[in-house]
Trainee: 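Dumping the structure here so I can ask a few things about it.
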Amino acid sequence: MLLIYNTLTRTKEEFNPINPPNVKMYVCGPTVYDYFHIGNARSFIMSDIIRRYLEYKGYEVKFVMNLTDVDDKIIKKSIDQKRDAKSVAEDYSKAFFEDIQKLKIKPANDYPKATNHIKEIIDLIKKLEQKGFAYNIDGNVFYNVNRFSNYGKLSGKKIDELESGARIEINDEKKDPLDFALWKKAKEGEPFWESPWGKGRPGWHIECSAMSCKHLGETFDIHAGGNDLIFPHHENEIAQSEAATGKKFVNYWIHFGFLNINNEKMSKSLGNIFTARDILKIYSAEAVRLAFAQTHYAGPLNFSDELLSSAEKGLEKLKNLAEKIEEEIKENRQEGIVPKLDFEKYKNNFGTAMDDDFNSPQACAVIFDFVRDVNRAIAENENISLKFYLSVKEFLQNTAEGVLGILDFSETANQSNGALENDLIELLIKLRQDAKLEKNYVLSDKIRNELKNIGIELQDSKSGTTYKKNKK
RNA sequence: GGCGCUGUAGCCAAGUGGCUCAAGGCGAAGGUCUGCAAAACCUUUAUUCGUCGGUUCGAAUCCGACCGGCGCCUCCA
């Protein structure tokens, strides 16, 4: 039984999709005005892990992530760079797809863009207007929060209390300071679309209501995003969608904790923004994913070099085992010992962990327990049969690779490509072996060191010398 | 002011009433293997879970107070 912490009810609830085995899931994607940062990456990776786990459990997940491609920040950048907003959005959309691919994030079923849904957005605003939830002031259309009795139900805020807050700017045009824009009148030089209210563009919140409805329906299962989106963005989405349809918008709301740098929020003013793109120049995608998976998605995560280098280190243990079993599988040893290992136990433990509100840190612990126990079995036995290695591989493929995305067997396998190269290495190993037999350790160490310098690491063992190629 | 999160070993981080009074990763120390390394394995590394009280047969886990860190309430993942 899968439990999910639902922001709406502030409790862990049993997950019951509307139409099993189908699950409809929407995640707020990027505003494409810049490369996305490592904090965004956390949301994307954790929603990816959640999605993969649902699939692991046999659900058919329709996963939709929007791209906000018209927005104040994009317009600002286009003005700064003296080019049109469309090309800014296109460039960073392209970069977004490159980066999520590098992070080994499984592609969504759909990446709807706001600018491709202007019609749906306008229709939705019209509907809200007809129902009396929206009002037009000189080409700006606002949502009237006082008309929606449930306003504040997600964030636990009350309209009166919000109004007494000092930080809300007073806008003369609005009937209430909390009212938010559904349609923004175009200013000179801004991108615009024709609408019943004149030339303008959609407000930020409306696109998610329009697009999630179009691609997932009026009511769907899971909506996820960063913590800071709870208010006002998700609150406003609920207000828009539920006012328009009269139906419940989303059953389970999932929110990701913030990523801090040195215990401070990432911000432009502090100059501590790291893009995912830059981080990936230093660390592997798997290390980033492991570092994130080792912290529960909802809690805060303090990002540091130490965090990633320790994840990179831990990953090596996993990769070493993966390489070992690939080699052994190639041996194709039909006969031999099958060490006793309770694969079902690890599988159950993994599932139990993930079933408890996607407790990925616990799931990682199960995987590392498994790795240790397999290594021990390998150390204690000789002539282990193929059957054992295939079972080990299957488990790791389903969990570490399939759900957490912290291992990639296809990369492990790639290492064995290049027959000539391999023959040369084997030759050197043989020469070194001869040198060792003659106790010419100066030469044998030289061969080992020189190979290491070019990224090939030799490892002696009882059964002979093996090597692995280290990525440069 | 309102709402919410959080304080567990040198670092990161699960656990949220007894069954693990404490997983897992990194780091550190010792050992096995090895010519030496590397990898792997074994052992050790929190009698203790911010502090002080309380509830209970029993609490890191519930309650209260206090101390500390953070977020949201304005664009933000």
Side-chain angles (χ1 to χ4, degrees), chain A residues 7 10 27-31 33 36-47 71-73 76 152 155-158 160-169 177-178 180 204 224-233 235 255-260 263-268 290-291 293-296 298-304 306-318 320-321 323-324 349 353 356 359-369 371-380 436-437 439-441 444-445 448-449 452 457-462 465-468:
Chain A
T7 310
R10 297 185 195 277
V27 179
C28 287
T31 300
Y33 72 105
F36 67 82
H37 56 66
I38 194 69
N40 297 300
R42 185 186 188 196
S43 293
F44 300 156
I45 287 172
M46 294 319 289
S47 48
D71 158 275
D72 292 349
K73 292 192 290 283
K76 184 176 182 301
S155 55
K157 296 183 189 306
K158 296 191 174 59
D160 315 350
E161 287 167 0
L162 282 167
E163 286 180 355
S164 61
R167 298 174 75 184
I168 294 169
E169 248 178 74
L178 289 173
F180 55 90
W204 173 39
N227 240 328
D228 55 332
L229 295 182
I230 296 173
F231 189 89
H233 186 238
E235 195 70 71
H255 289 98
F256 305 112
F258 249 61
L259 182 150
N260 299 316
N263 294 313
E264 285 175 314
K265 184 176 167 174
M266 253 194 289
S267 73
K268 289 226 166 83
L290 177 61
Q294 281 184 309
T295 300
H296 187 76
L301 186 152
N302 198 31
F303 191 79
S304 65
E306 206 184 359
L307 180 79
L308 280 190
S309 50
S310 96
E312 198 81 76
K313 215 59 219 304
L315 212 57
E316 230 167 88
K317 202 178 262 188
L318 207 55
N320 285 337
L321 177 61
E323 278 158 23
K324 170 82 180 160
N349 289 348
D356 185 15
N359 190 338
S360 57
Q362 187 65 49
C364 288
V366 172
I367 286 174
F368 281 107
D369 278 339
V371 169
R372 185 196 57 227
D373 292 345
V374 170
N375 275 325
R376 186 193 292 149
I378 291 172
E380 286 173 356
K436 278 174 69 177
L437 287 173
K439 297 208 189 304
N440 185 351
Y441 296 124
S444 72
D445 286 353
R448 185 172 63 195
N449 288 334
K452 193 175 179 183
E457 201 172 321
L458 299 189
Q459 296 178 347
D460 295 335
S461 71
K462 271 180 252 173
T465 300
T466 58
Y467 64 92
K468 64 175 190 176

Trainee: For B/G27 and A/Lys313 - does any side-chain N or O of the residue sit under 4.0 Å from the phosphate oxygens OP1/OP2?
Mentor: yes
Trainee: Checking contacts here: which listed nucleotide (B/A37, B/A40, B/G24) is nearest the side-chain heavy atoms of A/Arg448?
Mentor: B/A37
Trainee: Quick check for you: among B/A40, B/C72, B/G24, whose closest atom lies nearest to any side-chain atom of A/Arg372?
Mentor: B/G24
Trainee: Please indicate yes or no: is the ring centre of A/Phe258 less than 5.5 Å from the centre of the six-membered base ring of B/A77, with the two planes inclined by under 30 degrees?
Mentor: yes
Trainee: Counting just side-chain N and O atoms, does A/Arg10 come under 4.0 Å of either OP1 or OP2 of B/C5?
Mentor: no
Trainee: Could you work out, with salt bridge (Lys or Arg N to Asp or Glu O under 4.0 Å) as the rule, every residue matching A/Arg42, not counting sequence neighbours?
Mentor: none
Trainee: Using a heavy-atom cut-off of under 4.0 Å over every strand shown, decide if A/Tyr441 touches base, sugar-phosphate, or nothing.
Mentor: base
Trainee: Just to be sure I understand the rule, does A/Leu458 reach a base, reach only the sugar-phosphate, or reach nothing, if contact means heavy atoms closer than 4.0 Å?
Mentor: base
Trainee: Protein within reach of the bases, or only the backbone? For nucleotides 28-34 of chain B, mark each nucleotide 5' to 3' as B, S or -, using heavy atoms under 4.0 Å.
Mentor: -------
Trainee: Could you tell me which residues satisfy side-chain hydrogen bond (donor to acceptor under 3.5 Å, both in side chains) with A/Thr295, sequence neighbours excluded, listed by chain and number?
Mentor: none
Trainee: Determine, for nucleotides 6-18 of chain B in 5'-to-3' order, which nucleotides have protein heavy atoms under 4.0 Å from the base (write B), from only the sugar-phosphate (write S), or from neither (write -).
Mentor: -----SSSSS---
Trainee: Is any side-chain N or O of A/Asn227 closer than 4.0 Å to OP1 or OP2 of B/C72?
Mentor: no
Trainee: For A/Lys76, check salt bridge (Lys or Arg N to Asp or Glu O under 4.0 Å) against everything at least two apart and list the hits.
Mentor: A/Asp80
Trainee: Find the runs of at least 3 consecutive base pairs, i with j, i+1 with j-1 and so on, that include RNA chain B, using Watson-Crick or G-U wobble geometry with both distances under 3.5 Å.
Mentor: B:1-7 with B:67-73, B:10-12 with B:24-26, B:27-32 with B:40-45, B:50-54 with B:62-66
Trainee: Establish, with yes or no, whether the OP1 or OP2 oxygen of B/G24 is under 4.0 angstrom from a side-chain nitrogen or oxygen of A/Lys317.
Mentor: no
Trainee: Counting only side-chain heavy atoms from C-beta out, which of B/A40, B/C42, B/A38 sits nearest to A/Arg376?
Mentor: B/C42
Trainee: Does a nitrogen or oxygen in the side chain of A/Asn375 sit under 4.0 Å from OP1 or OP2 of B/A39?
Mentor: no
